[in-house]
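Please read through the structure below; I'll follow up with questions.
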Amino acid sequence: MKPNFFERVYLVVKRIPRGKVASYGQIAALLGHPQAARTVGWALHALASEPATDVPWQRVINHAGRITIARAGLDAAFQRHLLEEEGVEFDARGDVDMERFGWEGMDWAEVEALWRETGNE
DNA sequence: GCCCTGACTGCTA
DNA sequence: TTAGCAGCCAGGG
């Protein structure tokens, strides 16, 4: 039994290294659903209600390298601050250069290994 | 079990 | 280059 979609989103996000960012679509693709970007965003939204989380949600932004959490009533400036603390740079428009800071992702084999690590296989 | 919502994405005008 | 629109997926009520 695999962990549910939310759990899988969190597991993948936790694998994003410090100083790197990934897009919602990228996370969704790793989960086997390239079109489920909206669902990934929703999963992270749900995460916001859990202050004690150890999931680096701030490392997930949209495919254009732009922070869009303001749509969820959250603080985009705070997210930007967290990323800058990790070494991620923003340009004059407030966007992240995905060519420089974009996460390359992981192999499907690694993703499957994550499911096994959770003991839910 | 159905309908609605949502931190997105890609295409078209 | 920018704005608008439809598609997609999963969870909550």
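Order of the sequence lines sets the chain letters (A, B, ...), proteins ahead of strands, with each chain counted from 1.
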(message) Can you pull out the residues from residues 15-39 of chain A that lie within a 4.0 Å heavy-atom distance of DNA chain B?
(response) Ser23(A), Tyr24(A), Gly25(A), Ala37(A), Arg38(A), Thr39(A)
(request) Using atom NE2 of His45(A) as one end and atom P of dC8(B) as the other, report the distance to the nearest whole Å. (result) 11 Å
(request) Could I get the full list of side chain to side chain contact (heavy atoms under 4.5 Å, CB included) partners for Leu74(A), not counting sequence neighbours? (result) Ala48(A), Ile69(A), Ala72(A)
(message) Categorize Ile67(A) for me: base, sugar-phosphate, or nothing, with a 4.0 angstrom heavy-atom threshold over every strand shown.
(response) nothing
(request) Take atom CZ of Arg59(A) and atom C1' of dA7(B), then tell me their distance rounded to the nearest Å. (result) 17 Å
(request) Give the rounded distance in Å between these two atoms: CD1 of Ile69(A) and P of dG6(B). (result) 16 Å
(message) Working to the nearest 0.5 angstrom, can you tell me the gap between Leu114(A) CG and Glu7(A) CD?
(response) 12.0 Å
(request) Starting at OG1 of Thr53(A), measure out to OH of Tyr10(A) and round the result to the nearest 0.5 Å. (result) 7.5 Å
(request) Apply salt bridge (Lys or Arg N to Asp or Glu O under 4.0 Å) to the pair Glu86(A) and Arg59(A), showing each step before the final yes or no. (result) CA-CA 10 Å; Glu86(A) 298 183 349; Arg59(A) 294 176 192 155; 2.9 Å; yes
(message) Just the rounded figure in Å: distance from P of dG6(B) to CZ of Phe5(A).
(response) 18 Å
N/O contacts under 3.5 Å, protein versus nucleotides 11-13 of chain B?
none

(request) May I ask you to check whether Phe6(A) and Trp42(A) place their ring centers less than 6.0 Å from one another? (result) yes
(request) Take atom CH2 of Trp42(A) and atom C1' of dT9(B), then tell me their distance rounded to the nearest Å. (result) 19 Å
(request) List the atom of Ile67(A), the atom of Ala76(A), and the distance in Å for their closest heavy-atom pair. (result) CG2-CB, 3.6 Å
(request) Mind checking the CG-CZ spacing from Asp95(A) to Arg80(A)? Nearest 0.5 Å is all I need. (result) 9.0 Å
(message) Check Glu89(A) with Arg100(A), please: is the shortest side-chain N to carboxylate O separation under 4.0 Å?
(response) yes
(request) Nearest whole angstrom, please: distance from the P of dC9(C) to the CG of Asn4(A). (result) 17 Å
(message) From CZ of Phe78(A) over to P of dA7(B), roughly how many Å is that when rounded to an integer?
(response) 19 Å
(request) For Leu47(A) and dG11(C), give me the distance from atom CG to atom P, rounded to whole Å. (result) 15 Å
(message) Check the orientation of Trp115(A) and Trp108(A). Use parallel for under 30°, tilted for 30 to 60°, and perpendicular for over 60°.
(response) perpendicular
